[in-house]
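In what follows, a structure is listed as structure tokens, so that the remarks can point back to it.
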Amino acid sequence: MKIKNSFEDSISNEDTIMFKERKRILFLGLPWTFTKYTITPTVLTIDKGLLNTIEDDCYMYKIQDVKLSTSLFERLCGVATVICYTGDITDSVLKLSHIRHARDIKNYILKASEQARSKRRTLNTVDIGAHDLSDSDFD
């Protein structure tokens, strides 16, 4: 698979790897961990482990919000953490910890998730607590 770092190029091929990053340790931002992140236009995949491995996938249309978090040490090492809030049952929060190009990845995930939702015609609704209101609140 070819890796592309352009959102416009991803529209034609859903299996194209847009970003492939590795979790880095905070000491000098070196990639000495066994966690890998792969992002395609349709799926976000997190591979963890050396001997016992776990592969966790989340479809883009399930990602509801994305946040970029950068601590002082992360800024010194040139890395950041992207936090994805999802509608997935197994993992409602996915963290792409200590990665380079975090702002580009966050922006890509926001655009790709919105495009995937509109392609699937998926509507996200927010629980605003309306079920707790009684009829007497409207009198």
Side-chain angles (χ1 to χ4, degrees):
M1 290 185 186
K2 188 176 180 184
I3 298 175
K4 294 184 180 181
N5 288 335
S6 170
F7 183 72
E8 290 78 20
D9 294 338
S10 71
I11 296 171
S12 61
N13 190 355
E14 295 181 352
D15 293 331
T16 303
I17 296 174
M18 298 306 294
F19 291 97
K20 191 167 190 139
E21 287 287 329
R22 183 179 288 269
K23 179 179 177 183
R24 297 167 184 272
I25 59 172
L26 278 182
F27 179 70
L28 300 176
L30 299 173
W32 288 342
T33 64
F34 298 103
T35 302
K36 294 177 234 157
Y37 308 109
T38 306
I39 302 169
T40 68
T42 56
V43 178
L44 169 68
T45 303
I46 300 174
D47 294 317
K48 298 178 187 178
L50 174 64
L51 299 177
N52 295 329
T53 60
I54 296 173
E55 183 175 307
D56 191 11
D57 294 320
C58 180
Y59 287 106
M60 282 293 182
Y61 76 89
K62 290 185 177 186
I63 297 176
Q64 298 169 350
D65 197 14
V66 182
K67 179 168 61 171
L68 179 69
S69 172
T70 310
S71 69
L72 175 63
F73 291 119
E74 285 179 325
R75 281 185 287 182
L76 292 174
C77 296
V79 297
T81 298
V82 175
I83 304 166
C84 299
Y85 298 96
T86 71
D88 195 22
I89 294 173
T90 56
D91 286 316
S92 60
V93 177
L94 296 174
K95 289 187 179 183
L96 286 68
S97 301
H98 314 310
I99 58 173
R100 294 200 187 274
H101 314 290
R103 186 171 308 280
D104 293 335
I105 291 172
K106 177 194 75 91
N107 291 336
Y108 175 77
I109 291 172
L110 277 173
K111 289 177 185 177
S113 64
E114 183 65 28
Q115 183 183 24
R117 279 193 301 277
S118 62
K119 185 177 182 180
R120 292 179 61 96
R121 297 183 182 134
T122 304
L123 175 65
N124 282 338
T125 57
V126 178
D127 182 9
I128 57 173
H131 60 282
D132 294 333
L133 300 175
S134 65
D135 292 334
S136 63
D137 293 335
F138 295 106
D139 294 334

Run the numbers on Phe19 and Tyr108 for ring pair (Phe, Tyr, Trp, His ring centres under 6.0 Å), then give the verdict.
CA-CA 9 Å; Phe19 291 97; Tyr108 175 77; 5.6 Å; yes
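Residues forming a salt bridge (Lys or Arg N to Asp or Glu O under 4.0 Å) with Glu55 (at least two apart in sequence, or on another chain): none. The side chain to side chain donor-acceptor pair (under 3.5 Å) test applied to Thr86 returns no partner, not counting sequence neighbours. Take Asp57 and apply the side chain to side chain donor-acceptor pair (under 3.5 Å) test, not counting sequence neighbours, and it matches Thr45. With sequence neighbours left out, the side chain to side chain contact (heavy atoms under 4.5 Å, CB included) criterion links Ala80 to Leu68, Thr70, Ala102. Leu110 is linked by a side chain to side chain contact (heavy atoms under 4.5 Å, CB included) to Val66, Lys106, counting only residues two or more places apart in sequence or in another chain.
Side-chain contact between Pro41 and Met18 is present, with at least one heavy-atom pair separated by less than 4.5 Å. Counting heavy atoms from C-beta on, the side chains of Tyr37 and Lys20 never come closer than 4.5 Å. Between Leu44 and Leu96, the closest side-chain pair of non-hydrogen atoms falls below 4.5 Å. Looking only at side-chain heavy atoms (C-beta outward), Thr33 and Ile25 come within less than 4.5 Å of each other. Counting heavy atoms from C-beta on, the side chains of Glu21 and Lys36 never come closer than 4.5 Å. Inter-residue side-chain proximity for Ile39 and Ile17 is flagged as unmet; no heavy-atom pair is nearer than 4.5 Å.
Here salt bridge (charged side-chain N to carboxylate O under 4.0 Å, His left out) pairs that include residues 84-99, with residues two or more places apart or in two chains, are Lys62-Asp88. Screening residues 63-81 for salt bridge (charged side-chain N to carboxylate O under 4.0 Å, His left out), with sequence neighbours left out, gives no hits.
Cluster partners of Ile83, by chain and number: Tyr85, Val93. The rule joins Ile, Leu, Val, Met, Phe, Trp and Tyr whenever side-chain heavy atoms lie under 4.5 Å apart.
The two atoms that bring Ser97 and Lys23 nearest to each other are O-CG, 3.3 Å, heavy atoms only. In this structure, Cys58 and Ile63 approach most closely via the heavy-atom pair SG-CG1, 4.1 Å.
Open room surrounds CD1 on Ile89; 12 or fewer heavy atoms of other groups in view lie less than 6.0 Å from it. In this structure, Ile54 places its CD1 atom where only 12 or fewer heavy-atom neighbours from other residues, nucleotides or ligands lie under 6.0 Å away.
At least one donor-acceptor pair under 3.5 Å links the side chain of Ser118 to the backbone N or O of Glu114.
We find the CZ-CH2 distance between Arg22 and Trp32 to be 12.5 Å, quoted to the nearest 0.5 Å.
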